[in-house]
Amino acid sequence: MKESTITCYMCDKATTGGEHVPPKCIFPEQKDLPKGVDYRKRLYTVPSCDEHNSKKSKDDEYLCYVLTMMNQSNPVGRNQYTSKTRRAINRNPDLLRRFAAQGGIVGESLAIHLEEGRFDRIIDRLARAIYYLHYQEKWLNRIRYHPEFLRSTTDPENEDKTISLEADSIFSDAACYGDNPEVFKYQAVEGVNLKEMRLHFYEGCRFYLQFRGDAAIKWEDDSKNKD
């Protein structure tokens, strides 16, 4: 039988399996849902090597914890917090303390601390996987991204809100993809030398992504301390 020439979505290593994108842990397990409800229908996968699949399981869980802690999550996300995330916290009480930011409260919200570099790495990998899924090709340049649901503690000009309003306009008529939209869906638009995507987790947690050859940096307001 002819050997497959498909390589990992992140690198040139041989594919050893399929990676769920977004991570499977984002989607609630049956044991945490009412009978007959299924949020794991036709999950997306992309070809992956071992390094960019099985070895990143802790990062996948980390992303799930961040998303389910957000006030913007819908009832599905909040249920995922009270079930999956709370079980993890009960097993390891230090987990919640690791997210606590100095200062603690921003407005009426609890501020959380994102581990330096880790969150960027997780979203970069996620963005490349979604890009591969949609366009069936690898993205090799840098990616500009903005987590719309995270408000920077050092954003006096309210740039976060401005970027989200721009994204609302850009994606207002764009199709949505995903068989479990209450958990995850995405949109994609394409212009001249620019492709843009919007990822929706638990409906209210959104990421705005830009793929362009000259995208050397992320938005400056991507702070490590968010709420």
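Quantities reported herein were computed from a predicted structural model and do not represent experimental measurements.
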- Query: Any sub-3.5 Å donor-acceptor pair from Y202's side-chain atoms to I26's backbone N or O?
  - Reply: yes
- Please examine the side chains of I170 and Y208, heavy atoms only from C-beta on, and report whether any two atoms are closer than 4.5 Å. yes
- Message: Strictly below 4.0 Å, N to O, side chains only: are D59 and R121 in salt-bridge contact?
- Response: yes
- Report yes if some heavy atom in the side chain of Q210 is under 4.5 Å from a heavy atom in the side chain of L194; otherwise report no. yes
- Query: Shortest non-hydrogen contact from R212 to N193?
  - Reply: CB-O, 3.6 Å
- Measure the acute angle between the ring planes of W139 and F211, then classify it against the limits of 30° and 60° as parallel, tilted or perpendicular. perpendicular
- Message: Taking E19's backbone N and O only, do any of them form a donor-acceptor pair with Y9's side chain (distance below 3.5 Å, no angle check)?
- Response: no
- Message: Measuring only between side-chain heavy atoms, which start at C-beta, is V21 closer than 4.5 Å to I130?
- Response: yes
- Message: For F149 and F207, take the angle between the two ring planes, folded into 0 to 90°, and tell me which bin it lands in: parallel under 30, tilted 30 to 60, perpendicular over 60.
- Response: perpendicular
- Note on the structure: In this structure, SG of C176 is separated from CZ of R198 (nearest 0.5 Å) by 10.0 Å
- Please round to the nearest 0.5 Å and tell me the distance separating atom CG of L150 and atom CZ of R206. 12.0 Å
- Message: Working to the nearest 0.5 angstrom, can you tell me the gap between R78 CZ and Q72 CD?
- Response: 10.5 Å
- Item | V37 with F27, same ILVMFWY side-chain cluster at under 4.5 Å | yes
- Task: For D60 and C25, indicate whether the former's side chain and the latter's backbone hold a donor-acceptor pair under 3.5 Å.
- Result: no
- Task: Compare every heavy atom of R128 with every heavy atom of R142, then report the nearest pair and how far apart it is.
- Result: CA-NH2, 4.0 Å
- Test: D12 and K138 ion pair at under 4.0 Å: yes
- Q187-H200 side chain donor-acceptor pair, cut-off 3.5 Å: yes
- Message: Please check: side-chain N/O of T68 versus main-chain N/O of Q80, any donor-acceptor pairing under 3.5 Å?
- Response: no
- Using a 4.5 Å cut-off on heavy atoms from C-beta on, say whether the side chain of L114 contacts that of D120. no
- Message: Measuring only between side-chain heavy atoms, which start at C-beta, is K58 closer than 4.5 Å to E61?
- Response: no
- Do you reckon L165 sits in the same ILVMFWY cluster as I163, going by side-chain contacts under 4.5 Å, direct or chained? no
- Task: Answer yes if Y145 and L140 sit in the same cluster of Ile, Leu, Val, Met, Phe, Trp and Tyr residues linked by side chain heavy atoms under 4.5 Å apart, and no otherwise.
- Result: no
- Item | Exercise: identify the closest heavy-atom pair between P181 and E203 | O-CG, 4.0 Å
- Message: A side-chain contact here means heavy atoms from C-beta on lying under 4.5 Å apart; do C11 and E51 qualify?
- Response: no
- Closest heavy-atom pair and its distance - T7, T15: C-OG1, 3.2 Å
- Message: Assess whether a salt bridge exists between E196 and R144, defined as any Lys/Arg side-chain N lying under 4.0 Å from an Asp/Glu carboxylate O.
- Response: no
- Give a yes or no answer on whether the side chain of D32 reaches the backbone of N79 with a donor-acceptor pair at less than 3.5 Å. no
- Note on the structure: OH of Y65 to OG1 of T85, rounded to nearest 0.5 Å, is 6.5 Å
- So do Y62 and E115 actually touch side chain to side chain, heavy atoms under 4.5 Å? yes
- Item | S169 side chain vs E166 backbone, donor-acceptor pair below 3.5 Å | no
- Kindly say whether C205 contributes a backbone atom to a donor-acceptor pair with the side chain of S73 at under 3.5 angstrom? no
- Message: Whether K195 engages the ring of Y131 as a cation-pi pair (distance to the six-membered ring centre under 6.0 angstrom, angle to the ring normal within 45°) should be assessed.
- Response: no
- Task: Using modelled atom types only, decide if a donor and an acceptor are shared between the side chain of Y44 and the backbone of G178 within a distance under 3.5 Å.
- Result: yes
- Query: Judged by atom type as modelled, is there a donor-acceptor pair below 3.5 Å linking the side chain of N53 to the main-chain atoms of G18?
  - Reply: yes
- Message: Quick check: do I89 and Y81 have side-chain heavy atoms less than 4.5 Å from each other?
- Response: yes
- Query: Would you say Y135 and Y186 are hydrophobically clustered, going by side-chain heavy atoms of ILVMFWY under 4.5 Å?
  - Reply: yes
- Query: Taking D179 as the fixed residue, which of R42, K41, R40, K185 is the one that meets the side chain to side chain donor-acceptor pair (under 3.5 Å) rule?
  - Reply: R42
- Can you see which heavy atom on C8 is nearest to which on S48, and at what distance? SG-CA, 3.8 Å
- Message: Tell me whether N90 contacts the main-chain N or O of R86 through its side chain, where contact means a donor paired with an acceptor under 3.5 Å.
- Response: yes
- Item | Atom of I143, atom of A127 and distance for their closest heavy-atom approach | CD1-CB, 3.7 Å
- side-chain contact (heavy atoms from CB on, under 4.5 Å) between I123 and L199, worked out: CA-CA 11 Å; I123 303 309; L199 314 183; over 6 Å; no
